[in-house]
Protein chains: 2
Amino acid sequence: MSDGAEDIEWRSVCPISSALDLLGDKWSLLVIRDLISHGTRTYSEFRESPEHIATNILASRLKLLTSLGLIERTNPEGAARNNAYRLTAKGEALRPVLEELARWSQAHLKELHRGLVDIL
Amino acid sequence: MSDGAEDIEWRSVCPISSALDLLGDKWSLLVIRDLISHGTRTYSEFRESPEHIATNILASRLKLLTSLGLIERTNPEGAARNNAYRLTAKGEALRPVLEELARWSQAHLKELHRGLVDIL
DNA sequence: CCGGATCCTTGTCGATACTG
DNA sequence: CAGTATCGACAAGGATCCGG
């Protein structure tokens, strides 16, 4: 229960720590990534991503990211069925973070993880 | 047991997902942050950071980051007492990621988290 | 004292089954 | 197809203990 933005507990006033209070888990940024590379994405399209997120986690993250104002539904008034999500400006602004993260992986993770692929 | 780099499970070949497989938690990047802003840091100095990491989590992260080659002890052969940690080149390379993350927080998190402070 | 290790409780993750 | 409900496994967090 409670996947809203209201009851976030900030560990400190540090911007990095605060960003991690919101996005410091293994899934939130992958949802953002999918929206950056595809523009929009429906519930089942998220599930088809190669990391195979569990349905409860996906629902929980979509709810949280929506309440944070990072993503929104393309048709807010419409039915749930086939209703896609997309990034808001605030969510889109995370693009440089993901780009730097991908750049770092490609520069320093190849030896640890053979098969790592090039993107962006 | 097992805070080593050997048994990491990669969810996919995506660089972003792979980076999050290593660093996608609430604490690892804060350890990196402390080393970026202070150069070196001892065990108890890490504990004095405002987020107050628990000792078992700190020890576990230091072990993992060391085995990943992101950090190292300043005096590898010396005693544990007052032996500090510092970043390797691979860890230092994460600086742009943290900078972008801080930039994003300062641009988009002020309304959610009053008291957020400016750094970097 | 300092750098951890251990114990124990609580919370979150994640797989799967299920519902509107 | 878009989510919820349930339950077991595991990680986080706090307290305390131990070795040098």
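A, B, ... follow the sequence lines: proteins, then strands. Residue 1 opens every chain. Side chains are part of it too, since the values below use all heavy atoms of this structure and drop only hydrogens, waters and symmetry mates.
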Has the side chain of [X] got a donor or acceptor atom that lies under 3.5 Å from a matching backbone atom of [Y]?
| X | Y | answer |
| --- | --- | --- |
| B:D25 | B:S28 | yes |
| B:T66 | B:L62 | yes |
| A:N75 | A:N83 | no |
| A:E45 | A:T42 | yes |
| A:T40 | A:A84 | no |
| A:K90 | A:L68 | yes |

* **End-to-end axis angle, where each axis spans five pairs of the helix from C:dC1-D:dG20 to C:dG20-D:dC1, to 10°** => 20°
Looking at [N], I'd like to know if its phosphate oxygens (OP1 or OP2) sit under 4.0 Å from a side-chain N or O belonging to [X].
| X | N | result |
| --- | --- | --- |
| A:K63 | D:dT4 | yes |
| B:Y85 | C:dG3 | no |
| B:W27 | D:dA11 | no |

* Structure fact -> Sorted by number, residues from residues 64-76 of chain A placing a heavy atom under 4.0 Å from DNA chain D are A:R73
Between the protein and nucleotides 17-20 of chain D, which nitrogen or oxygen pairs are less than 3.5 angstrom apart?
| residue | atom | partner | partner atom | Å |
| --- | --- | --- | --- | --- |
| D:dG20 | N2 | B:R81 | NH1 | 2.6 |

* Have B:S18 and A:S105 got a donor and an acceptor in their side chains that come within less than 3.5 Å? -> no
* **Gap between atom CG of B:L64 and atom CG of B:D3 - 0.5 Å precision** => 6.5 Å
* Mapping B:K26 and A:L62 to their closest nucleotides on DNA chain D, which lands nearer the 5' end? -> A:L62
* **Closest-nucleotide ordering on DNA chain D, the 5'-leading residue of A:N82 and A:R11** => A:N82
* To do: Enumerate the residue pairs fulfilling ring-ring contact (aromatic ring centres under 6.0 Å, His included) with a member in residues 3-26 of chain A, sequence neighbours excluded, ordered by first and then second residue.
  => A:W10-B:H113
Using whole Å, what does the distance between atom [atom2] of nucleotide [N] and atom [atom1] of [X] come to?
| X | N | atom1 | atom2 | answer |
| --- | --- | --- | --- | --- |
| A:D25 | D:dA12 | CG | C1' | 14 Å |
| A:D3 | C:dT12 | CG | C1' | 11 Å |
| B:R61 | D:dG13 | CZ | C1' | 12 Å |
| B:I57 | D:dA15 | CD1 | P | 13 Å |

* Asked: Would B:D34 and B:R47 pass as an ion pair if we require N to O under 4.0 Å?
  -> no
* **Lys/Arg N to Asp/Glu carboxylate O, A:R11 vs A:D21, below 4.0 Å** => yes
* Just jot down the ring-ring contact (aromatic ring centres under 6.0 Å, His included) partners of B:W27, sequence neighbours excluded, or say none. => none
* Structure fact -> What residues 42-56 of chain B contributes to the DNA chain C interface at heavy-atom separation below 4.0 Å is B:T42, B:Y43, B:S44, B:T55, B:N56
* Asked: Would you call A:L23 and A:L94 a side-chain contact if the rule is heavy atoms closer than 4.5 Å?
  -> yes
* Structure fact -> Of B:R41, B:E51, B:R61, the one forming a side-chain contact (heavy atoms from CB on, under 4.5 Å) with B:F46 is B:R41
